[in-house]
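What you see is a predicted model, and the numbers here were worked out from it, not measured in a lab. Chain naming here is simple, since letters A, B, ... match the order of the sequence lines and numbering starts at 1 in each.
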Amino acid sequence: MPEGHTLHRLARAAQRRLKGGPLRVTSPQGRFADGAALVDGATLRRAEAVGKHLFLDLGAGRHVHVHLGLFGRTTVAATPAPAPVGAVRMRIEGATAYLDLRGATICEVLTRAERARLVARLGPDPLRRDADPDRAWTRLSLSSRPLASLLMDQSVVSGVGNAFRAEVLCRHGLDPYLPGSHLARVDWDAVWADLVALLRDGVRTGRIRTLRPEHGRSRRSGPRHYVYRRAGEPCLVCAEPVSVAVVEGRRLYWCASCQRR
DNA sequence: GGCTTATGCGCAG
DNA sequence: TGCGCCTAAGCCA
């Protein structure tokens, strides 16, 4: 479930459960065998997420970089680790916990400079204290591209994916096709603040919860989002059917009636 | 057991 | 713009 909150949550879990003693790093599936050999026996200095990227600082200028892509999944659990089932790209075993990685787009060892170059091309991450929303505003306000494209562009804002894109635009009544340059500063400030709150909630709960209390956030059954994956179903606010179209290669869901600005 | 879909992204053309 | 990567889960028969 890889939007930014997933990676920050993973970074926290890794930091808490793998820090300390030497780590056994292997690649049962084999595709990360060379990388694993480079870092096997190292100690975790720091686990950190930037946008949808996870970095494990293993000292001596070695940084394991993981990007989950669309399919990547991780397991973090108490040792002893069971015999690997399926395609485990990377397994990290510590004294009390282990981490399994499957299906990731990227799992590699980077130098500090390579890591810095990668981070430099990412836009501000709403989950990081050092994030500067002005950087994103500068990009947005000069662009004729639609908001729905800009929000998915990791060099504009990092950590937002298809679910949060759809939901945050809906929560603010924003037309997904509005050019970035037509967005009011006050609306961007509100969207940014909302992304901070929504993503933080995601880190805490491990879920994407976007419904306001009056629309059933705590309800057990029924829709869990305003528009995401609800094509053709009634909008929770105005009951008009939710629209769907492909933008940036991903399905965009929105309410054409509520989101007009 | 097969088919579809998925919270992503780089690359060819 | 569309394809390919890569894995798992949900749905159907």
request  = Scan A/E167 against the nucleic acid and name what it touches under 4.0 Å (heavy atoms): base, sugar-phosphate only, or nothing.
outcome  = nothing
task = Determine whether more than 12 heavy atoms belonging to other residues, nucleotides or ligands lie under 6.0 Å from atom CZ of A/R200.
result = no
query = Reckon A/H67 has a side-chain N or O less than 4.0 Å from the OP1 or OP2 of B/dC9?
reply = yes
request  = Could you tell me whether the phosphate oxygens of B/dA6, OP1 or OP2, come under 4.0 Å of any side-chain nitrogen or oxygen in A/Y228?
outcome  = no
request  = Report the nucleotide, chosen from C/dA8, B/dA6, B/dG8, that has the shortest atom-to-atom distance to any side-chain atom of A/R251.
outcome  = B/dA6
remark   = Side-chain contact check for A/R73: nearest option of C/dA9, C/dT7, B/dG8 is C/dA9
inquiry  = Nearest whole Å is fine: how far is B/dG8 C1' from A/H53 NE2?
reply    = 10 Å
query = Within the pair A/R229 and C/dG10, is there a side-chain N or O less than 4.0 Å away from OP1 or OP2?
reply = no
query = Taking the six-membered ring for Trp, is the centroid-to-centroid distance between A/H225 and A/Y253 below 6.0 Å?
reply = no
query = If you look at every strand shown and take non-hydrogen atoms under 4.0 Å, does A/R121 touch a base, only sugar-phosphate, or nothing?
reply = sugar-phosphate
message = Can you identify which nucleotide, out of B/dG8, B/dC9, C/dA8, has its nearest atom closest to the A/Q154 side chain?
response = B/dC9
query = Looking at side-chain heavy atoms only, is the closest gap between A/I92 and A/Y98 below 4.5 Å?
reply = no
query = To the nearest angstrom, how far is A/M90 atom CE from C/dT7 atom P?
reply = 14 Å
task = Rounded to the nearest angstrom, tell me the gap between atom CZ in A/R31 and atom P in C/dC5.
result = 10 Å
message = With rounding to the closest Å, how many angstrom separate the P atoms on C/dA8 and B/dG10?
response = 23 Å
request  = Check step by step if side-chain hydrogen bond (donor to acceptor under 3.5 Å, both in side chains) holds for A/D125 and A/H8.
outcome  = CA-CA 11 Å; A/D125 175 351; A/H8 281 262; 2.7 Å; yes
ask   = A/I106 CD1 to C/dC5 C1': how many Å, rounded?
value = 11 Å
note = Checking B/dA6, B/dG8, C/dA8 against the side chain of A/Y253 (C-beta onward), the nearest is B/dA6
key: Among A/R62, A/E48, A/H63, the one residue meeting side-chain contact (heavy atoms from CB on, under 4.5 Å) with A/D57   = A/H63
query = What integer distance in Å separates A/R165:CZ from B/dA6:P?
reply = 12 Å
request  = Starting at atom CG of A/L70, determine the distance to atom C1' of B/dC9, rounded to an integer number of angstrom.
outcome  = 9 Å
